[in-house]
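Following: one structure in structure tokens, then a few remarks.
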2 protein chains.
Amino acid sequence: MSAPINVSTQIAYPEGARRSNQSDALFDMLTSAIMAGRIRPGEKLNEPALADEFGVSRAPVREALRRLQEKGLVTHVAHQGVRVISPTLEDFLSLLDVREALEGMACRLAATAMTDVEFEKLAAIVERHGEGLHSDPEGPYVQNDFDNDFHVRIAMGCRNPVLTGLLCEQFYPRLKLCRSRHGLLKGRGLAAWKEHRRILAALVERDGDVAEILMRRHIRAAREALLATGPS
Amino acid sequence: MSAPINVSTQIAYPEGARRSNQSDALFDMLTSAIMAGRIRPGEKLNEPALADEFGVSRAPVREALRRLQEKGLVTHVAHQGVRVISPTLEDFLSLLDVREALEGMACRLAATAMTDVEFEKLAAIVERHGEGLHSDPEGPYVQNDFDNDFHVRIAMGCRNPVLTGLLCEQFYPRLKLCRSRHGLLKGRGLAAWKEHRRILAALVERDGDVAEILMRRHIRAAREALLATGPS
DNA sequence: GTTTTCGTTATTGTCGACACATTGCAGAGA
DNA sequence: TCTCTGCAATGTGTCGACAATAACGAAAAC
């Protein structure tokens, strides 16, 4: 038996986020716990144990775990329980290939779909990123605030609900997990910022073709940086 | 109360497909029933009613329904039950935009990842498609056999599990539903075949760049054909 | 020391029941 | 005739329990 995870005491309930049902609450809790590293990759999530810990029956736990699985944050092998995924470098690379395709398209669509107000907001994000670089120009590009992230904004600006959902709900959480496992890309900070700036410029020009190309190149650069440092 | 669906009597059990647990069996049944149109778009799937009809408790039904929801085949609004989605033209178009991005990437990757044997198999599929055109050159491109479909083969040949999973499990079923609702693209049959042939040629040349471009153009052509006939 | 067999345990699927929320209907009142 | 209120029906989340299956570990046989 694995050691008790005891997540409940470590998670501050996001105030408004308390949903009506236990299954949702559990899902939110586990999601943030995994993403924050409070539950480590490879760690086991025991259905009865979690039910016991949270004082609920197995049903809501079961559902929350299944949803985590759909989200790609945990794996479930029969009769061996569910574990937090510990993505390999290959998994990471696969994810980035698909991400290149998806965000490229998102960028193309966003070029015509986003409003000028949204572009201003995006510009502000890029600006703040630039200011942050002064402290550590060689550091990685850190995504600290989901709603104010460059990529997230574009994903939400493309006005394609399928695409937005895929990126925000499936890909970004998994990518974050991959990053926390394989390390951020040091030295990419400044380069990433410059690339963001060029993407923004193309968007403002409403040039979808160029915006897509630049975004794809941007993600491929990150992928290649990973490939260079990864297998070490 | 909606009329009883009575799916069980209409579905021939796919012989080997009987899984160990009821939830899986139910999921398979409902999936094929929806895709075959035995359960129509907009139709309600009643949890207790299905449980009763199949002689199981609500638990496995519940799980099967949730998985259908993940797959994007049904929607679930609180206290109103779950219904088979009836995709709008906009939904269809959104799906096709994302599909363009995904299959484009799949094609690019497949150009280097697929084996010569797989290419031969793919060529055979294209050839058979061409022979089928003799009977109705203006007809639509029909995908009658999932495992022997041109696009499916490429999706499986790209060697990117994330991409393959997305396409085969999420997109193709939803696309099929969209097609059955909005009609197939008449007159695209011959054009589609020619495009397939060119894509195949690029793949065989192992030219990922061109293969991607051709595939994207192929899907965009289908999208525009839909746009032209759709709003009528 | 290695392999096999057996018992234990963990995981999982399923069940039937209950309680609560919401919806929609129906009847009362204006 | 329209509106409001209360009730019934439906949908839904949750519970505790049981049984079956497969993995794990220990003891026995080779």
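Scope of the values below: all heavy atoms of this structure, side chains included, with no hydrogens, waters or symmetry mates. A quick note: this is a predicted structure, and the numbers were derived from the prediction, not measured. Just so we're on the same page: letters track the sequence lines, and every chain starts at 1.
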> B/N21 has a side chain; which of D/dT14, C/dT14, D/dG11 sits nearest to it?
Replying inline: C/dT14
>> Distance check needed: D/dT12 P versus B/L45 CG, whole Å only.
In response: 11 Å
> So, are A/E169 and A/K71 salt-bridged, with charged N and O less than 4.0 Å apart?
Replying inline: no
> When the distance from CG of A/L65 to P of C/dG13 is rounded to whole Å, what number comes out?
Replying inline: 11 Å
> With no hydrogens and no angle check, is any side-chain donor or acceptor of B/E43 less than 3.5 Å from a backbone partner on B/R40?
Replying inline: yes
> Picking from D/dT14, D/dC15, C/dT14, which would you name as closest to the side chain of A/V56?
Replying inline: D/dC15
> Quick one: B/H79 NE2 to C/dC25 P, roughly how many Å, whole number?
Replying inline: 17 Å
> For C/dA10, does OP1 or OP2 lie under 4.0 Å from any side-chain N or O of A/K44?
Replying inline: no
> Once you round it to whole Å, what is the distance between P of C/dC15 and CZ of A/R62?
Replying inline: 12 Å
>> Salt bridge or not between A/E118 and A/R159? Use side-chain N to carboxylate O under 4.0 Å.
In response: yes
> In whole angstrom, what separates A/R83's CZ from C/dA10's P?
Replying inline: 14 Å
> Taking CD from B/E63 and P from D/dT12, how many angstroms apart are they, rounded to a whole number?
Replying inline: 17 Å
>> What contact category does B/V61 fall into here, base, sugar-phosphate, or nothing, at under 4.0 angstrom with non-hydrogen atoms?
In response: nothing
> A/R58 CZ to D/dA17 P: how many Å, rounded?
Replying inline: 12 Å
> Should the pair A/R216-B/E212 be classified as a salt bridge under the 4.0 Å nitrogen-to-oxygen rule?
Replying inline: yes
> Counting side-chain heavy atoms from CB outward, which of D/dC15, C/dC15, C/dT12 is closest to A/Q22?
Replying inline: D/dC15
> In terms of the nearest nucleotide of DNA chain D, which residue is placed more toward the 5' end: A/G55 or A/A78?
Replying inline: A/G55
> Are B/E47 and B/R62 close enough for a salt bridge, meaning some N to O gap below 4.0 Å?
Replying inline: yes
> For B/H76 and C/dA21, what is the distance between atoms NE2 and C1' respectively, to the nearest whole Å?
Replying inline: 13 Å
> Within the structure, does a side-chain N or O atom of B/N46 lie under 4.0 Å from either OP1 or OP2 of D/dT10?
Replying inline: no
> Of the nucleotides C/dT14, D/dT14, D/dT10, which one has an atom closest to the side chain of B/S57?
Replying inline: C/dT14
> Within the structure shown, what part of the strands sits under 4.0 Å from B/Q80 by heavy-atom distance: base, sugar-phosphate, or nothing?
Replying inline: sugar-phosphate
